[in-house]
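Each remark here refers to the structure printed beneath this line.
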Amino acid sequence: MATGPGQVPGPPPALLTEAGIIAALTPALPGRPDVRLGIGDDGAVLRPSPGTELVVVTDALVEGTHFPAGMPARAIGHRALAVNLSDLAAMGATPRWATLALSLPAPQAAWLEDFAAGLLGLAAATGTALVGGDTVAGPLFTTVTAIGEVPAGQPAGRRGARPGDAVFVTGTPGDAVQGRLLLGSDRDDAAAQYLRSRFLYPDARLAAGRALRPLASAMLDVSDGLDQDLGRLAAASGVGLELDAGLLPLSPQLRTVAGPDAIARALTGGDDYELAFTAPAVQAAAIAAIAAAAACAITRIGTVVAGSAVRWHDGGREYPVPAGAWQHFGAGA
Ligand SMILES: [Mg+2]
């Protein structure tokens with residue numbers, strides 16, 4: 001913390017003990033019959049709902065790699081869980097439980113209070129119970145494992161896209177990377193504030209994912225850029241994709257700030273945590289109804305074809321995808 005002229009720096013804030021860290025991160029879980037034992041024993045004991053199967057996801061975030069150094073603690077806590085909820089959304093799962101492994105270089109009470117507010121606030125809002133974890137001293141990173149439920153016998157995934165299916169994306173991809181690029185900027189108009197919040201507080205598309213699971217032939221979340229993630233979906237399904245960059249749902253804020261780079265942000269930026277999926281074209285009306293119910297735009301951007309090529313077009317001409325804004329190592333699934 002900066003010290004002004006004439007001010008004498010006080011003693012550094014006391015560091016929390018492991019017990020203090022655990023206390024700050026232990027949520028009140030009243031009335032959760034699915035949590036027989038939570039934090040405080042050697043393991044959590046959980047009770048899945050009858051007739052469900054479990055979906056388990058893990059995503060690690062490292063300061064300096066997956067989020068910039070100095071990001072607000074509340075945003076780090078939110079993000080630690082949100083990226084995992086996004087993977088559950090992509091599987092059409094309902095989140096139930098999560099564990100957290102947290103590595104902290106200097107655990108201070110104020111920082112941890114904000115981190116806990118971000119993580120536990122999102123957990124409470126999504127019905128996710130934090131039921132265990134571990135804390136260690138080390139560089140700042142988080143690893144959350146989240147567990148969700150799906151009705152038995154209704155698996156989702158990336159492998160079912162078939163030629164003729166339509167390709168869709170939720171929300172407005174590209175906002176988050178533009179928000180990340182604005183973190184160090186003085187620009188503070190409404191567009192910049194919106195874009196920064198899209199990076200700092202990603203919103204997993206849980207309601208849309210749950211509703212889409214029975215209709216989608218293949219689905220994943222967009223964590224590493226729409227082009228790269230759609231390439232993964234195509235490869236897993238053994239199909240090609242013909243995609244129209246002119247149909248991309250770009251937010252007015254992204255268009256305002258990024259100008260001619262808006263399409264590139266949407267295709268290569270990453271950190272969107274939107275859903276990309278394929279579905280038979282006859283489901284278009286049902287998908288529009290899901291979009292309305294989930295208050296989440298869903299836009300058709302292309303068609304599944306035979307083969308293995310993923311091609312973007314714009315105005316009838318092939319659109320060469322530019323190099324990404326960055327590639328982070330060890331990108332999550
Ligand atoms: Mg994923």
Side-chain angles (χ1 to χ4, degrees), residues 53-62 65-67 76 78-101 119 122 126 128 141-150 154-161 167-177 180 198-199 201-213 216-237 239 241 266-279 294 296 298 301 310 324-333:
E53 294 172 339
L54 300 180
V55 179
V56 182
V57 302
T58 297
D59 217 339
L61 301 177
V62 180
T65 301
H66 300 98
F67 59 88
I76 298 170
H78 177 100
R79 185 177 211 79
L81 180 59
V83 298
N84 284 276
L85 297 180
S86 181
D87 278 333
L88 289 180
M91 300 301 289
T94 300
R96 299 300 295 269
W97 312 285
T99 63
L100 165 71
L119 193 153
L122 181 60
T126 56
T128 310
F141 73 82
T142 66
T143 302
V144 167
T145 295
I147 305 172
E149 295 178 330
V150 292
Q154 294 187 30
R158 307 177 177 187
R159 296 178 181 79
V167 182
F168 299 87
V169 67
T170 65
T172 52
D175 292 350
V177 68
R180 180 171 179 157
R198 291 270 289 162
F199 173 72
Y201 296 99
D203 184 17
R205 299 298 190 187
L206 287 164
R210 263 197 304 274
L212 289 166
R213 177 175 36 76
S217 49
M219 184 155 64
L220 48 56
D221 72 322
V222 182
S223 52
D224 298 323
L226 191 54
D227 178 63
Q228 188 171 332
D229 285 314
L230 280 174
R232 290 174 176 148
L233 184 150
S237 290
V239 297
L241 304 174
L267 292 186
T268 67
D271 288 319
D272 292 306
Y273 303 105
E274 298 292 350
L275 299 176
F277 65 98
T278 60
C296 160
I298 300 179
I301 56 171
V310 176
W326 72 81
Q327 300 283 329
H328 57 71
F329 172 77

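All ligand and atom numbering here is 1-based and tracks the order in the structure.
For a distance bound of 2.8 Å, the N, O or S atoms of D229 include none lying that close to the Mg ion (ligand 1). Taking 2.8 Å as the criterion, D59 does not count as a coordinating residue of the Mg ion (ligand 1), since none of its N, O or S atoms falls below it.
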Check residues 90-100 and write down every donor-acceptor pair under 3.5 Å in which the side-chain atom is one partner and the other belongs to a residue at least two apart or another chain.
unit_1 : atom_1 : unit_2 : atom_2 : d
R96    : NE     : D34    : OD2    : 3.4
R96    : NH1    : S49    : OG     : 2.8
R96    : NH1    : E149   : OE1    : 2.3
R96    : NH1    : E149   : OE2    : 3.4
R96    : NH2    : D34    : OD2    : 3.0
W97    : NE1    : D34    : O      : 3.4
W97    : NE1    : D34    : OD2    : 3.0

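Minimum-distance N/O/S atom of D87 relative to the Mg ion (ligand 1): OD1. The closest approach of D221 to the Mg ion (ligand 1), by N/O/S atoms, is made by OD1.
Residues satisfying the side chain to side chain contact (heavy atoms under 4.5 Å, CB included) test with D203, not counting sequence neighbours, are R205.
The residues R198 and D272 are annotated as not salt-bridged, no charged nitrogen and carboxylate oxygen being separated by less than 4.0 angstrom.
Residues D271 and V177 are not in side-chain contact: their nearest non-hydrogen atoms beyond the backbone lie 4.5 Å or more apart.
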